[in-house]
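Read the structure below first, then the notes.
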Amino acid sequence: MAIVANKTLTVKSPAFANNHFIPSEYTCNGSNVNPALIISDIPEEAKSLAIVVDDPDAPGSFNHWIMWDIPVRNIIEENSRPGTEGKNSKDENKYAGPCPPSDGTHHYHFGVYALDTTLNLPGSTDKSALLKAMDGHILAFGELIGLFKK
């Protein structure tokens with residue numbers, strides 16, 4: 001399945017710059033809470049936002065946070081749950097901060113999607129099911145990449 005978006009969102013964080021290291025407070029070495037995200041260039045016709053945070057450097061990729069039906073907004077606050085959380089790779093409905101084994105630096109992709117609908121999915125939804133449900137509804141996409149190593 002191809003993720004097609006007509007527009008690009010700008011995703012930033014006051015905690016770290018794109019392709020820079022994520023402060024430990026947002027990882028398993030710290031408070032393990034999500035960093036704030038600032039989202040701009042959201043299309044006017046967007047009805048909701050979705051977030052997928054994953055680590056493609058982990059074997060088979062590791063999903064750290066899955067959330068959808070977020071009301072359209074420019075800021076996702078630190079340590080917040082503004083939408084419905086799905087199952088991460090730990091089978092938990094919450095943010096699981098970066099926590100790679102001691103095998104080098106991993107890249108964490110904070111992907112944000114602007115959708116033309118709300119999804120009303122159950123909390124048992126995982127990344128694969130979320131991407132399938134979003135197919136055909138993505139107006140814009142953007143991501144912020146953070147780095148972390150133990």
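We count residues from 1, following the sequence as given. In this text, all values refer to a predicted model and were calculated from it rather than measured experimentally.
The side chain to side chain donor-acceptor pair (under 3.5 Å) test applied to Asn88 returns no partner, not counting sequence neighbours. For Asn18, the side chain to side chain contact (heavy atoms under 4.5 Å, CB included) criterion is met by Leu144, Ile145, not counting sequence neighbours. Scored by the side chain to side chain contact (heavy atoms under 4.5 Å, CB included) test, His20 finds Ala17 as partners (sequence neighbours excluded). Residues passing the side chain to side chain contact (heavy atoms under 4.5 Å, CB included) test with Pro59: none are found, sequence neighbours excluded. Partners of Phe62 under the ring-ring contact (aromatic ring centres under 6.0 Å, His included) rule, at least two apart in sequence or in another chain, are His64. Residues passing the side chain to side chain donor-acceptor pair (under 3.5 Å) test with Trp68: none are found, sequence neighbours excluded.
Here the closest heavy-atom approach between residue Gly111 and residue Glu143 is recorded as CA-CB, 3.9 Å. Scanning both residues, Ala133 and Leu119, for their nearest heavy atoms gives O-CD2, 3.8 Å. The two residues Met67 and Pro82 have their closest heavy-atom pair at SD-CD, 3.6 Å. Across every non-hydrogen atom of Ser24 and Phe148, the tightest pair is CA-CE1, 4.5 Å. Heavy atoms only, all atoms of each residue included: Ser89 and Ser61 are closest at OG-O, 4.5 Å.
Remark: Ile22 CD1 to His107 NE2 distance equals 10.5 Å, nearest 0.5 Å. One distance of note links CG of Leu9 with CG of Leu139; it measures 9.0 Å at 0.5 Å rounding. One distance of note links CD of Glu92 with CD of Glu85; it measures 10.5 Å at 0.5 Å rounding. Of the inter-residue distances, the one linking Leu130 atom CG with Tyr113 atom OH reads 7.5 Å to the nearest 0.5 angstrom.
Applying the side chain to side chain donor-acceptor pair (under 3.5 Å) rule to pairs touching residues 31-40 yields nothing, sequence neighbours excluded. Sequence neighbours left out, the pairs with a member in residues 50-72 that pass salt bridge (charged side-chain N to carboxylate O under 4.0 Å, His left out) are Asp54-Lys127. Every pair passing disulfide (SG to SG under 2.5 Å) that includes a residue from residues 23-67 is listed here, sequence neighbours excluded: Cys28-Cys99. Within the structure, ring pair (Phe, Tyr, Trp, His ring centres under 6.0 Å) contacts touching residues 69-100 (residues at least two apart or in different chains) are Trp65-Tyr95.
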Check residues 41-53 and write down every donor-acceptor pair under 3.5 Å in which the side-chain atom is one partner and the other belongs to a residue at least two apart or another chain.
{"unit_1": "Asp41", "atom_1": "OD2", "unit_2": "Thr10", "atom_2": "OG1", "d": "2.6"}
{"unit_1": "Ser48", "atom_1": "OG", "unit_2": "Thr117", "atom_2": "O", "d": "2.5"}

Please list, one pair per line, the donor and acceptor atoms closer than 3.5 Å that link side chains of residues 70-78 to other protein atoms, with sequence neighbours excluded.
{"unit_1": "Arg73", "atom_1": "NE", "unit_2": "Pro71", "atom_2": "O", "d": "3.4"}
{"unit_1": "Asn74", "atom_1": "ND2", "unit_2": "Ile39", "atom_2": "O", "d": "2.7"}
{"unit_1": "Glu78", "atom_1": "OE1", "unit_2": "Tyr26", "atom_2": "OH", "d": "2.8"}

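Side chain of Ser13 to backbone of Ala15: a donor-acceptor contact under 3.5 angstrom is found. For Thr27 (side chain) and Asn29 (main-chain N/O), a donor-acceptor pair under 3.5 Å exists by modelled atom type. No donor-acceptor distance shorter than 3.5 angstrom exists from the side chain of Asp126 to the backbone of Lys87, with no hydrogens or angles considered.
Residues Asp116 and His137 are in side-chain contact: their nearest non-hydrogen atoms beyond the backbone lie under 4.5 Å apart.
Taken together through direct or relayed side-chain contacts under 4.5 Å among Ile, Leu, Val, Met, Phe, Trp and Tyr, Val112 and Ile138 form parts of separate hydrophobic clusters. In this structure, Leu115 is a member of the same hydrophobic cluster as Ile66, with clusters built from ILVMFWY side-chain heavy atoms closer than 4.5 Å.
In Lys94, the NZ atom is not crowded: 12 or fewer heavy atoms of neighbouring residues, nucleotides or ligands sit closer than 6.0 Å.
Taking the centre of each ring, Phe16 and Tyr108 stay at or above the 6.0 Å mark.
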